[in-house]
Every structure is written in structure tokens, then in C-alpha cells.
Amino acid sequence: SVGGRLAEIYDKPTNIFLFDLLKTHYVAGELNEAWLGMSDSLIEGDFRWHSNQQELFSTFHNWHHGEPNNEHGDEDCGELGIYIDGKWNDKQCDYKLWALCEQKNPLLVG
């Protein structure tokens, strides 16, 4: 373990950076979404960042139009998607997606 966690996005430049990173590694016909470090598993509709439980709607957020909507029931996790131009969507947590991770002190491999 290198001490990382799912990425949390607190501003537009970070959202753009992670979206560009996801697009760079996208291969047609493969996954085009990645998990973010958020959920509303404690209270439905109250999405919070995992690390500090800060409410998303009190900070920067980038939900796709009409999201989060819990459309398929039990959509408690958040994703960043290429197919929705870097916007966020709520999704059932058992889907197999890429993971966008961050760590406080990056490990340099060379």
C-alpha cells in the first residue's frame, strides 16, 4: 500500500486535470468512467467526500444536468465520465470502473 485514496475534487482546475488524465488513458470500447472519493451511503442525496465528510454542495461541484438522481436505485457512489464531458454522475457502487487516486506525498518511481 502506498497510502492513496480515491481522488476528491475541490476546484475546476483539478476537475479539468483529472478529466484530461482520464481522456489520455481512454481506449475506445473500454471503460470511460472513473470513481471519485464521494458517496451518499449514509444519507441518500447527501453526497460527501470520503476523507473529511465535507458536503459536496457546500463546495465546488460538477454534476451532470439532473444528477445526482439515484436513477437505478442505490446509486451511492460518484464517478467522473468521459461520456458526459468531465461531469459527475451517481452510480451503483458495484460497477467495475477505473479509479482516480491521489496521495498526499507522491511516490516517485524511476
Value rounded to 0.5 Å, distance of CG in Asn15 from CG in Asp20:
9.5 Å

Apply the test side-chain contact (heavy atoms from CB on, under 4.5 Å) to residues Trp88 and Ile9: give CA-CA distance (whole Å), side-chain angles for both, the deciding distance (0.1 Å), then the verdict.
CA-CA 11 Å; Trp88 306 346; Ile9 301 175; 3.8 Å; yes

So, do Gln53 and Leu42 sit near enough that their side-chain heavy atoms are less than 4.5 Å apart?
yes

Please name the pair of heavy atoms, one in Ala34 and one in Ala99, separated by the smallest distance, quoted to 0.1 Å.
CB-N, 4.4 Å

Give the intermediate values and the outcome of side-chain contact (heavy atoms from CB on, under 4.5 Å) for residues Asp40 and Asp90.
CA-CA 9 Å; Asp40 72 344; Asp90 59 332; 5.8 Å; no

Going from CD on Glu33 to CG on Leu97, what distance comes out if it is rounded to the nearest 0.5 angstrom?
5.0 Å

Hey, is CZ on Phe17 packed in by over 12 heavy atoms from elsewhere, all under 6.0 Å?
no

Worked check of side-chain contact (heavy atoms from CB on, under 4.5 Å) between Phe47 and Asp76:
CA-CA 8 Å; Phe47 274 86; Asp76 292 331; 5.9 Å; no

Looking only at the side chains, is there a donor atom on one of Gln92 and Asp74 sitting less than 3.5 Å from an acceptor on the other?
no

When rounded to the nearest 0.5 angstrom, what distance separates CG in Leu6 from CD in Glu79?
12.5 Å

Could you walk me through whether Glu102 and Arg5 pass side-chain contact (heavy atoms from CB on, under 4.5 Å), step by step?
CA-CA 6 Å; Glu102 64 185 15; Arg5 66 178 184 215; 2.8 Å; yes

Taking all non-hydrogen atoms of both residues, which atom of Gly78 and which atom of Trp35 are closest, and how far apart?
O-CE3, 3.4 Å

Look up atom OG in Ser39 and atom CG in Asp46, then write down how far apart they are to the nearest 0.5 Å.
9.5 Å

Quickly, which of Arg48, Gln54, His50 forms a side chain to side chain contact (heavy atoms under 4.5 Å, CB included) with Asn52? Name it, please.
Gln54

How long is the span from the CD atom in Glu75 to the CD atom in Glu67, to the nearest 0.5 Å?
7.0 Å

Step through the shown structure and confirm whether more than 12 heavy atoms of other residues, nucleotides or ligands are within 6.0 Å of NZ on Lys23.
yes

For residues Leu100 and Trp98: do they belong to one hydrophobic cluster (side chain heavy atoms under 4.5 Å, members Ile, Leu, Val, Met, Phe, Trp, Tyr)?
yes

State which residue, out of Glu71, His72, His65, fulfils the side chain to side chain contact (heavy atoms under 4.5 Å, CB included) condition with Asn69.
Glu71

Quick one: do Phe60 and Ile84 end up in the same hydrophobic cluster if we chain Ile, Leu, Val, Met, Phe, Trp and Tyr together by side-chain heavy atoms under 4.5 Å apart?
no

Nearest-0.5 Å distance, NZ of residue Lys87 to CG of residue Asn62:
4.0 Å

Is there a path of hydrophobic side-chain contacts, each under 4.5 Å between heavy atoms of I, L, V, M, F, W or Y residues, that connects Ile82 with Leu18?
yes

Suppose we call two aromatic rings close when their centres sit under 6.0 Å apart. Are Tyr10 and Trp49 close by that rule?
yes

